[in-house]
Trainee: 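One structure, as structure tokens, below. Some questions next.
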Amino acid sequence: MAETNAAKSAPSPSEPKLSWGDQVEDAASSSQAELNTPAEPKRSWGDEVEEAASSSEPELNVDALAISEDKKVNKFLDEPEDSNIKAVTTGDTPYSSASTFEDLNLTPELLKGLYVDMKFQKPSKIQAISLPMILTPPYKNLVAQAHNGSGKTTCFVLGMLSRVDPNLKAPQALCICPTRELAIQNLEVLRKMGKHTGITSECAVPMDSTNYMSFGKRPPVTAQIVIGTPGTIKKWMSAKKLGISSVKILVFDEADHMLAEDGFKDDSLRIMKDIQRMSAHCQVLLFSATFNETVKNFVSRVVNDHNQLFVKKEDLSLESVKQYKVNCPDELSKVLLIKDRIFELGEKLGQTIIFVRTRNSAGMLHKSLVELGYEVTTIQGALKQEDRDKIVKEFKDGLTQVLISTDLLARGFDQQQVNLVINYDLPVKHENHSEPDYEVYLHRIGRAGRFGRKGAVFNLLMSERDQMLMEKIERHFNSQIAQVASWNSDEDFKGALKAAGLL
DNA sequence: AAAAAAT
């Protein structure tokens, strides 16, 4: 059996649920005990997709997996934030994990960016495993899942920077992100890391009114790397302002959302197909901390012959981030809790993000807190572009301590000083508010605890429905979430923060 | 009874 546990994960024979790897193992007729439960059909979503997959795609040959299990890999076993990543490769390309950035044959300019500007010392585990897959010919497609805050951005940014030909002044790498904020953040990382390479880059997001340039007058893009949001990328492509004939690497950040039915599926597929028509050998990289079963199966149909890295959902919650639930009798008590506990206790500990469900409730909560005399900023998609930029910049510069946000910032937003996340409203599925959105929950709590830092999450529960949602979330991730005894006890909150390692 | 992008 060629599938390898790159980390110390013990096989769990009692695991009843179908996980990502199982599909592949089925195809390779695995002999692992856990897959041989005879009476189990092991499928919950119908055979239609399975048939389509087996008829249209070559069977995976997992025999060639070669994540080496030597001491190089063992170096990373103590990093909790990215333990238990499983790798499955196709074909006969051997890969070995990179224990240092030198192992990757990067240019001296890029190494300088990594060590001096980014202050990196060695690859995190997801980087050690994924970078050889990205950088080794024949440059196979990759679907990669890794924990929040474990360094996924570096994987694809480094991948883009090292695959670009510096002498060719045309777009060669494209990265699509779900929000303007994430595109800007990723471009900042890319520019910092690639500072000494001379590689050019551009952000393709809706322009703010101050930088407005008549679209027709705009010259075609010559930047070698373009990072942006789907609408703007599509617009530039169809207006022939963004040439795609030289694009050889296409990245989707937050890929599960980019390919979800209620996400950016249509835009993403359109962009992918247009590029693949122009340059057939374009490498596609899909990165996210979450891939639910539906998206997972869709992904394996749209991205052919891809290597995979994945994490079981039970292993996905960050151990360094302590999660709590608090019962609040009414709306007012939620506001008072934030006023008296979060502002008075939490503010000293670092920055806080408060997530709400709607733009409207963001505004209401903002108003209540301001009326009580507290300083807080709010971000949501209906604000003007320049206001959004300003609020994010103030928060990133540490000028503001508490930020209210819709799910605009749920994914990818990277601010290391955030160690408190408040779910003022629990995330629910759009089509059914009695069903939690597990993926969004995981992304939200991942705003705390960046790169293994300590953090705490407080889920404010107000109704029977909230209780039920919380139970479902606990069951889904197989994790017990501790209860804070009383919403209005300073001592209880101090105790919780202490237990989280923050006080 | 959404949010995101953008037309």
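The sequence lines fix the lettering, A, B, ..., with proteins before strands; numbering per chain opens at 1. Keep in mind that this is a model prediction, so the values were computed, not measured.
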Trainee: Once you round it to whole Å, what is the distance between P of B:dT7 and CD1 of A:Ile233?
Mentor: 13 Å

Trainee: On DNA chain B, compare the nucleotides closest to A:Lys429 and A:Val205; which residue's is nearer the 5' end?
Mentor: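 Whichever sits nearer the 5' end wins; that is A:Lys429.
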
Trainee: Between C1' on B:dT7 and CE on A:Met207, what's the gap in Å once rounded to a whole number?
Mentor: 13 Å

Trainee: Restricting to non-hydrogen atoms, name the atom on A:Ser368 and the atom on A:Val335 that form the minimum distance, rounded to 0.1 Å.
Mentor: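 Scanning both residues completely, I find the closest heavy atoms to be CB-CG1, 4.1 Å.
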
Trainee: OP1 or OP2 of B:dA5 versus the side-chain N and O atoms of A:Lys234: is any pair under 4.0 Å?
Mentor: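 Indeed not, no polar side-chain atom of A:Lys234 lies that close.
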
Trainee: Salt-bridge test for A:Lys393 and A:Asp397: reply yes if a basic N is under 4.0 Å from a carboxylate O, no otherwise.
Mentor: yes

Trainee: Checking side chain to side chain contact (heavy atoms under 4.5 Å, CB included) against A:Leu286, which of A:Leu142, A:Val302, A:Asn141, A:Val299 comes through?
Mentor: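 The single option meeting the side chain to side chain contact (heavy atoms under 4.5 Å, CB included) with A:Leu286 is A:Val299.
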
Trainee: From CD of A:Glu254 over to P of B:dA5, roughly how many Å is that when rounded to an integer?
Mentor: 13 Å

Trainee: Between C1' on B:dA3 and NE2 on A:His433, what's the gap in Å once rounded to a whole number?
Mentor: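 After rounding, the reported distance stands at 11 Å.
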
Trainee: A:Tyr324 and A:Phe493: aromatic ring centres closer than 6.0 Å?
Mentor: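 Ring centroids of A:Tyr324 and A:Phe493 are no less than 6.0 Å from each other.
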
Trainee: Does B:dA5 have OP1 or OP2 under 4.0 Å away from a side-chain N or O of A:Arg388?
Mentor: yes

Trainee: Taking CG from A:Leu383 and C1' from B:dA5, how many angstroms apart are they, rounded to a whole number?
Mentor: 15 Å

Trainee: Donor-acceptor pair, A:Lys140 side chain versus A:Ile134 backbone, under 3.5 Å?
Mentor: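 Judged by distance alone, no pair lies under 3.5 Å.
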
Trainee: Checking contacts here: which listed nucleotide (B:dT7, B:dA5, B:dA4) is nearest the side-chain heavy atoms of A:His257?
Mentor: B:dA4

Trainee: Can we say A:Lys235 and A:Asp267 salt-bridge, meaning some charged N sits less than 4.0 Å from an Asp/Glu carboxylate O?
Mentor: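 Not counted as a salt bridge, because no side-chain N and carboxylate O are separated by less than 4.0 Å.
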
Trainee: Would you mind checking if A:Arg444 and A:Asp437 are paired as a salt bridge, meaning a charged N to carboxylate O distance below 4.0 Å?
Mentor: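 Salt bridge: no.
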
Trainee: Please give, in whole Å, the distance from B:dA3 C1' to A:Asn360 CG?
Mentor: 13 Å

Trainee: Go through B:dA3, B:dA1, B:dA5 for me and flag the one nearest to the A:Phe264 side chain.
Mentor: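 Ranking B:dA3, B:dA1, B:dA5 by closest atom to the A:Phe264 side chain puts B:dA5 first.
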
Trainee: Output the single nucleotide from B:dA5, B:dA1, B:dT7 whose closest atom is nearest the side chain of A:Lys235.
Mentor: B:dT7

Trainee: Find the distance A:His443:NE2 to B:dA2:P and express it as a whole number of Å.
Mentor: 21 Å

Trainee: Can you list, in residue-number order, the parts of residues 402-418 of chain A that come under 4.0 Å of DNA chain B, counting heavy atoms only?
Mentor: A:Thr406, A:Leu408

Trainee: Using whole Å, report how far CZ of A:Arg270 lies from P of B:dT7.
Mentor: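 In whole Å, B:dT7 P lies 14 Å from A:Arg270 CZ.
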
